[in-house]
Amino acid sequence: MRPEASSQVNRRALRPVDLAREAGVSTQQIRNYADAGILPPAERTAAGYRRFDTRHREALLAYRALAKGYGWEAARSIMLAVHDGDLMGALALVDACHAALHQQRLALRATGEALEAVAGQDPGGPAAPQSALRIGEVAALLGVRTSALRVWEASGLLTPQREPGTGYRWYGPAEVRDARMIHMLRQGRYPLARIGDVLDGLRRTGSTEALRAALSERGAALASTAVAMLEGSARLHDYVAGARRQA
């Protein structure tokens with residue numbers, strides 16, 4: 001096949017509905033992608049209709065794959081950089097996302113070690129507060145807002161004592177320990193319901209099995225993100241390489 005013919009096959013015309021069906025989105029979403037610069041510029045017919053082709057298909061698939069691993073905003077920024085001719089900028093964004101994921105792994109490891117240490121503490125030991133603390137004091141100790149402690153209480157994760165008459169909250173050593181764990185787990189993006197399982201196991205039996213399961217789940221989620229990033233990077237590579245061949 002002659003190169004000209006091959007190019008015509010590679011650049012075959014596609015309708016917005018063709019792209020929409022392949023990506024599982026609406027035709028209006030395809031137009032939005034085109035307007036936003038996520039897809040490369042499209043020629044228009046005399047009637048003003050866009051002419052899409054396989055370049056736009058590959059850009060669409062690259063963007064959707066990138067979004068699964070890097071997030072929608074990062075994927076958009078990467079595609080915009082590519083279409084602006086700033087490949088180095090696009091690659092810098094990719095690198096930054098991988099670096100952020102690596103930092104999340106390191107943070108998970110450190111959080112896991114800290115949680116194990118906190119879970120193993122004797123609530124009445126020397127490292128614990130020697131007297132009950134008020135909500136503002138606990139918030140300052142953890143570096144959180146008092147509203148966060150109230151949300152955790154409303155979710156059933158904390159049960160501070162109430163001062164007779166005034167109704168002021170008082171947090172004993174056990175509540176302070178639990179608040180530390182909740183704060184660490186929330187920093188790791190654990191949902192409140194999952195944190196409840198961890199605390200229930202610790203309170204009832206002293207077991208950290210649920211805690212370790214939660215940490216394992218978080219590690220698995222980070223691994224899934226890494227795989228999705230790999231797939232997105234591969235799609236991006238194919239799109240960039242294909243655009244260079246057709247240039």
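Computed from a prediction, not measured in an experiment: that's the story for all the values here. In what follows, residues are counted from 1 in the order of the sequence shown.
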Nearest 0.5 Å please: distance from the [atom1] atom of [X] over to the [atom2] atom of [Y].
{"X": "Leu108", "Y": "Arg189", "atom1": "CG", "atom2": "CZ", "answer": "11.0 Å"}
{"X": "Thr159", "Y": "Asp178", "atom1": "OG1", "atom2": "CG", "answer": "7.5 Å"}
{"X": "Ile195", "Y": "Ser155", "atom1": "CD1", "atom2": "OG", "answer": "9.0 Å"}
{"X": "Arg15", "Y": "Ile30", "atom1": "CZ", "atom2": "CD1", "answer": "12.5 Å"}
{"X": "Ser77", "Y": "Asp86", "atom1": "OG", "atom2": "CG", "answer": "11.5 Å"}

Verify the cluster assignment for [X] and [Y]: are they in a single hydrophobic cluster under the rule of side-chain heavy atoms below 4.5 Å apart?
{"X": "Leu80", "Y": "Ile78", "result": "no"}
{"X": "Tyr168", "Y": "Leu141", "result": "no"}
{"X": "Met184", "Y": "Tyr171", "result": "yes"}
{"X": "Val17", "Y": "Leu60", "result": "no"}
{"X": "Val25", "Y": "Trp72", "result": "yes"}

Tell me, which pairs form a ring pair (Phe, Tyr, Trp, His ring centres under 6.0 Å) where one or both residues lie in residues 93-113, sequence neighbours left out?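 For residues 93-113: Tyr70-His98.
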
Whether [X] side chain and [Y] backbone form a donor-acceptor pair below 3.5 Å:
{"X": "Thr45", "Y": "Ala47", "result": "yes"}
{"X": "Glu137", "Y": "Arg134", "result": "yes"}
{"X": "Tyr190", "Y": "Ala214", "result": "yes"}

What are the two closest heavy atoms between [X] and [Y], and how far apart are they?
{"X": "Leu158", "Y": "Leu149", "value": "CD1-CD2, 4.0 Å"}
{"X": "Ala42", "Y": "Arg51", "value": "CB-O, 3.7 Å"}
{"X": "Ala228", "Y": "Gly69", "value": "CB-CA, 3.6 Å"}
{"X": "Ala74", "Y": "Cys97", "value": "CB-SG, 3.9 Å"}

Would you mind reporting whether [Y] and [X] have side-chain heavy atoms less than 4.5 Å apart?
{"X": "Tyr63", "Y": "Leu39", "result": "no"}
{"X": "Leu211", "Y": "Leu185", "result": "yes"}
{"X": "Glu153", "Y": "Leu157", "result": "no"}
{"X": "Leu66", "Y": "Met79", "result": "yes"}
{"X": "Pro160", "Y": "Ile135", "result": "no"}

Considering only NZ, NE, NH1 and NH2 on the basic side and carboxylate oxygens on the acidic side, decide whether [X] and [Y] come within less than 4.0 Å.
{"X": "Arg50", "Y": "Asp35", "value": "yes"}
{"X": "Glu231", "Y": "Lys68", "value": "no"}
{"X": "Arg76", "Y": "Glu73", "value": "yes"}
{"X": "Glu175", "Y": "Arg169", "value": "no"}

Name the residue from Leu14, Leu61, Asp53 that meets the side-chain contact (heavy atoms from CB on, under 4.5 Å) definition with Leu19.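 Between Leu19 and the candidates, side-chain contact (heavy atoms from CB on, under 4.5 Å) is satisfied uniquely by Leu14.
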
Could you walk me through whether Met229 and Leu101 pass side-chain contact (heavy atoms from CB on, under 4.5 Å), step by step? CA-CA 10 Å; Met229 283 182 166; Leu101 181 65; 3.8 Å; yes

Cation over ring face, Arg44 and Tyr49, 6.0 Å, 45°: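 The answer is no, since Arg44 fails at least one limit relative to Tyr49.
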
Given side-chain contact (heavy atoms from CB on, under 4.5 Å), test Leu192 with Arg186 step by step and report yes or no. CA-CA 8 Å; Leu192 294 177; Arg186 289 299 286 166; 3.7 Å; yes

Can you check side-chain contact (heavy atoms from CB on, under 4.5 Å) on Gln104 and Thr225, steps first, answer last? CA-CA 11 Å; Gln104 289 183 51; Thr225 298; over 6 Å; no

Any chance [atom1] of [X] has more than 12 other-residue heavy atoms, nucleotides or ligands included, within less than 6.0 Å?
{"X": "Arg105", "atom1": "CZ", "answer": "yes"}
{"X": "Arg162", "atom1": "CZ", "answer": "yes"}
{"X": "Gln187", "atom1": "CD", "answer": "yes"}

Does the pair Arg244 and Leu87 meet the rule for a side-chain contact (heavy atoms from CB on, under 4.5 Å), with working shown? CA-CA 12 Å; Arg244 284 180 169 179; Leu87 180 59; 3.0 Å; yes

Partner set under side-chain hydrogen bond (donor to acceptor under 3.5 Å, both in side chains) for Arg64, not counting sequence neighbours: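 By the side-chain hydrogen bond (donor to acceptor under 3.5 Å, both in side chains) rule, Arg64 matches Tyr33.
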
So, for Tyr239 and His83, is the gap between ring centers shorter than 6.0 Å?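 Yes.
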
Residue pairs fulfilling salt bridge (Lys or Arg N to Asp or Glu O under 4.0 Å) with at least one residue in residues 206-220, sequence neighbours excluded: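 Pairs touching residues 206-220 that pass the test: Glu116-Arg212, Arg194-Glu217.
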
For Thr166 and Glu163, does a side-chain donor sit closer than 3.5 Å to a side-chain acceptor?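 A donor-acceptor contact under 3.5 Å links the two side chains.
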
